[in-house]
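The figures that follow rest on heavy atoms only: side chains count, while hydrogens, waters and symmetry mates do not.
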Amino acid sequence: PDPSQIPLRSKMPSAFFVLLSLVPTQGLTISAPYAAAWRGVTLPAPRASVSMQVIAPERTAVPDTLPSTWEVPDSFSLASLKKSTHDETPLYKLTVFKSGRDDVHIVNALLEVVPGMRKERAIEIAETAFRVGFSLVGVFEQALAEEYAAELKNYHSLVCDVSPE
C-alpha cells in the first residue's frame, strides 16, 4: 500500500501522541518529517552544503637573515657580562667620629649635607657614633665623599674621614 494512505496513528507509536498532547503546541516545533505531513505542510528540499569563502593574504618571501652557522661557546659565565672593574670609579667610605657635639647636631648636619639622607638613618648614624666612637655615613665616589667630609668639617665642626672601600 501507499504510505501516504496509511493513517498517521498507525505510523507512530501511541506514546508519541500522549506526549504530544501533554506539551502545549504554541511555539513547539516538531522536526520529524511525518510531523510536517501530519500538519499538511510540505518541507522544502534540503539545501546544498554550506561553504565559506576565506580571504588569505598573499604569501611573502621571508628574508634570509639568519646566519648559516651558529657558534656556541663551550662554557657560559655571567661574569663575562659584568662590566670590567677598570671602567668603574673607585668608591670611598665616609666615616663620622664622636666629637664634643651632641647627637642632635650630627643628625642635623647629616640631613643638611648629604642629599637623600633619611632622618631615621641619620639618627642611627649619630647613635652609633656616640656608642662606638665612629659610624659609617655611606660609600660614595671619591670626589663626592671628600666634598661631604669637607662640609661636615668646615661648617658643622665634625670629625670625618674619607678612606678607600
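Contact detail for Ser99 and Ser157: the closest heavy-atom pair is OG-O, 4.5 Å. In this structure, Val107 and Ala122 approach most closely via the heavy-atom pair CG2-O, 3.6 Å. When all heavy atoms of Lys98 and Phe130 are compared, the pair lying nearest together is NZ-O, 3.7 Å.
Counting heavy atoms from C-beta outward, Glu141 and Leu91 have side chains that approach closer than 4.5 Å. Annotation: side chain of Val159 is not in contact with side chain of Val96 (no heavy-atom distance under 4.5 Å). Taking the side chain as every heavy atom from C-beta outward, Ile123 and Glu120 never approach each other to under 4.5 Å. Side-chain contact between Met117 and Ile125 is present, with heavy atoms from C-beta onward closer than 4.5 Å. The shortest distance between side-chain heavy atoms of His105 and Leu158 falls below 4.5 Å. For the pair Leu110/Leu152, a side-chain contact is recorded, criterion being any heavy-atom separation below 4.5 Å from C-beta on.
One finds the CD atom of Glu124 at 14.5 Å from the NZ atom of Lys119 (value rounded to the nearest 0.5 Å). One distance of note links CG of Asp103 with OG of Ser135; it measures 12.0 Å at 0.5 Å rounding. Taking OG from Ser163 and CD from Gln142, the interatomic distance works out to 11.0 Å, rounded to the nearest 0.5 Å.
Not one N or O on the side chain of His156 forms a donor-acceptor pair closer than 3.5 Å with the backbone of Val113.
Among Val162, Val139, Asp161, the one residue that satisfies the side-chain contact (heavy atoms from CB on, under 4.5 Å) test with Lys93 is Val139.
Remark: Glu127 engages no residue in a salt bridge (charged side-chain N to carboxylate O under 4.0 Å, His left out) (not counting sequence neighbours). Scanning for side chain to side chain contact (heavy atoms under 4.5 Å, CB included) contacts around Phe134 gives Thr95, Phe97, Val132, with sequence neighbours left out.
Taking the six-membered ring for Trp and the full ring otherwise, the centers of Phe140 and Tyr148 sit less than 6.0 Å from each other.
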